[in-house]
Q: 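I'd like to ask some things about the structure below.
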2 protein chains.
Amino acid sequence: MARTVSERADVIPLIAEAFRDLGYDGASMSRITERTGLGKGSLYHFFPGGKEEMASAVLAEVDEWFDRHIFVPLRELPPREAIDGMWIAVNTYFLSGRRVCLVGAFALDETRDRFAGVVADYFWRWIEALADALCRKGYDSERAHALAEEAVIGIQGAIVLSRALDDEAIFARALQRMAARLAG
Amino acid sequence: MARTVSERADVIPLIAEAFRDLGYDGASMSRITERTGLGKGSLYHFFPGGKEEMASAVLAEVDEWFDRHIFVPLRELPPREAIDGMWIAVNTYFLSGRRVCLVGAFALDETRDRFAGVVADYFWRWIEALADALCRKGYDSERAHALAEEAVIGIQGAIVLSRALDDEAIFARALQRMAARLAG
DNA sequence: GTCTATACAGTGATAGAC
DNA sequence: GTCTATCACTGTATAGAC
């Protein structure tokens with residue numbers, strides 16, 4: 001077994017995927033060890049706080065990704081272009097519904113209480129950024145917020161349903177319907 | 001400590017709530033013991049198959065509840081009345097978004113693979129029953145199925161978002177928007 | 001930085017007294 | 001039917017050699 005020296009930043013995406021697939025409780029240290037290829041020693045070296053610190057790091061990275069690729073463009077790009085880009089980014093990121101939203105999954109069980117601030121903030125910023133783009137597109141603030149809320153709800157629900165029925169087409173159809181509604 | 005004799009049927013709702021709050025992995029035997037007030041001996045007496053049998057029993061009960069209170073009415077009652085009744089039942093059952101959908105939560109992690117058939121069947125029957133009512137209401141089959149799919153997605157997403165932001169109003173608003181869309 | 005060894009609390013599960 | 005005692009195993013976490 002070769003000793004491959006890793007960096008903390010390289011390990012986080014692997015841990016993130018473990019949490020997405022298995023949930024917070026389901027992702028045990030041994031499962032994370034399997035997926036990262038790192039022993040417990042290395043893992044605790046990078047994350048002295050253990051599992052909770054791993055989840056925090058993962059959430060921070062997810063947050064940062066959405067900020068850069070979705071929230072900031074929604075605020076700064078021309079609204080039509082930004083919203084089109086959001087649908088593409090969402091479809092790519094969630095692998096057509098096969099990949100779960102980590103924050104949404106955490107929201108469903110007691111894990112939410114551990115990371116309540118980050119969880120709420122993530123969704124709040126998403127809705128606000130999308131509503132901002134919709135306002136600049138011509139909607140009044142109330143209508144923009146309603147549409148933004150509905151879109152974020154639709155994405156989360158589409159992930160649940162497409163996974164439940166194991167059918168990517170559900171995710172694709174949901175995204176198309178929502179894109180049409182926001183465009184119209 | 002008084003020995004209160006229980007029946008299997010009385011225990012299932014308590015176990016269901018444990019799974020909803022904690023997830024499949026998070027609901028350990030000791031946590032289930034706490035919530036049911038039953039020792040492991042009694043629990044394994046009722047469910048010799050352990051946790052997996054408990055989850056199966058819980059899923060079967062959920063299935064049966066939705067069949068009786070939502071799916072059958074959608075097929076047999078006048079469509080307008082049935083759909084109105086569905087929104088009320090959904091709002092009551094999910095406690096305005098505070099209570100998680102057990103099947104939806106299971107769908108998000110590896111628990112889905114354990115109960116893939118039941119999970120898929122639950123959502124499939126919901127969509128089909130709602131589409132049936134919408135057809136009888138005048139929509140063509142394709143449009144009815146799209147609306148039904150969108151409604152089920154919206155309910156699941158609304159649960160995620162209202163829990164994430166800890167805000168029941170989100171669930172209420174989502175239900176109102178969807179009810180209006182199906183009525184219009 | 002990575003590993004192995006280890007501690008010990010908690011896990012699902014079983015057996016048997018009452 | 002309910003409990004307690006106990007099982008083997010896995011959980012998170014730590015210490016120390018390399």
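Below, chain A is the first sequence line, B the second, and so on; all start at residue 1.
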Q: Do any side-chain nitrogens or oxygens of B:Ser28 fall under 4.0 Å of OP1 or OP2 in C:dT11?
A: yes

Q: Would you please classify the geometry between the B:Trp126 ring and the B:Tyr122 ring as parallel, tilted or perpendicular, with 30° and 60° separating the classes?
A: perpendicular

Q: Distance check needed: D:dT12 C1' versus A:Arg114 CZ, whole Å only.
A: 11 Å

Q: Expressed as a whole number of angstroms, how long is the span from B:Leu22:CG to C:dT11:P?
A: 11 Å

Q: Counting side-chain heavy atoms from C-beta on, which of C:dT11, C:dC3, D:dT12 comes nearest to A:Leu38?
A: C:dC3

Q: How long is the line joining NZ of B:Lys51 and C1' of C:dA13, in whole Å?
A: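 Rounded to whole Å, this separation is 12 Å.
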
Q: Please tell me which of B:Ser6 and A:Arg31 maps to the more 5' nucleotide of DNA chain D, matching each residue to the nucleotide holding its nearest heavy atom.
A: B:Ser6

Q: Between B:Glu64 and B:Arg68, is there a side-chain N and carboxylate O pair less than 4.0 Å apart?
A: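 Judged by the 4.0 Å cut-off on N to carboxylate O distance, B:Glu64 and B:Arg68 do form a salt bridge.
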
Q: Below 4.0 angstrom, N of the basic side chain to O of the carboxylate: do B:Arg80 and B:Asp84 qualify?
A: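 Looking at B:Asp84 together with B:Arg80, the answer is no, because their closest N to O distance does not fall below 4.0 Å.
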
Q: Roughly, in whole Å, what's the span from CD in B:Glu53 to P in C:dA13?
A: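 Rounding to the nearest Å, CD of B:Glu53 and P of C:dA13 are 10 Å apart.
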
Q: Measure OH/A:Tyr24 against C1'/D:dG11 and give the value in whole Å, please.
A: 12 Å

Q: Between A:Asp25 (CG) and D:dT10 (P), how many Å, whole number?
A: 18 Å

Q: For B:Glu7, give me all partners under salt bridge (charged side-chain N to carboxylate O under 4.0 Å, His left out), at least two apart in sequence or on another chain.
A: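 Salt bridge (charged side-chain N to carboxylate O under 4.0 Å, His left out) check on B:Glu7 returns nothing, list empty.
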
Q: Rounded to whole Å, how long is the line connecting atom CG of A:Asp10 with atom C1' of C:dT2?
A: 15 Å

Q: Evaluate the criterion salt bridge (charged side-chain N to carboxylate O under 4.0 Å, His left out) for residue pair A:Asp21 and A:Arg35; output intermediate values, then yes/no.
A: CA-CA 11 Å; A:Asp21 290 345; A:Arg35 283 165 174 257; 3.1 Å; yes

Q: Specify the separation, in whole Å, of atom CE of B:Met29 and atom P of D:dT4.
A: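 In whole Å, D:dT4 P and B:Met29 CE are 15 Å from each other.
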
Q: Quick one, which residues of residues 39-50 of chain A touch DNA chain C with a heavy atom under 4.0 Å?
A: A:Gly39, A:Gly41, A:Ser42, A:His45, A:Phe46

Q: Under a 4.0 Å N-O cut-off, is there an ion pair linking B:Glu53 with B:Arg8?
A: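 Judged by the 4.0 Å cut-off on N to carboxylate O distance, B:Glu53 and B:Arg8 do form a salt bridge.
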
Q: Is there any salt bridge (charged side-chain N to carboxylate O under 4.0 Å, His left out) pair reaching into residues 88-101 of chain B, and which pairs are they, with sequence neighbours excluded?
A: B:Glu17-B:Arg99, B:Arg98-B:Glu168

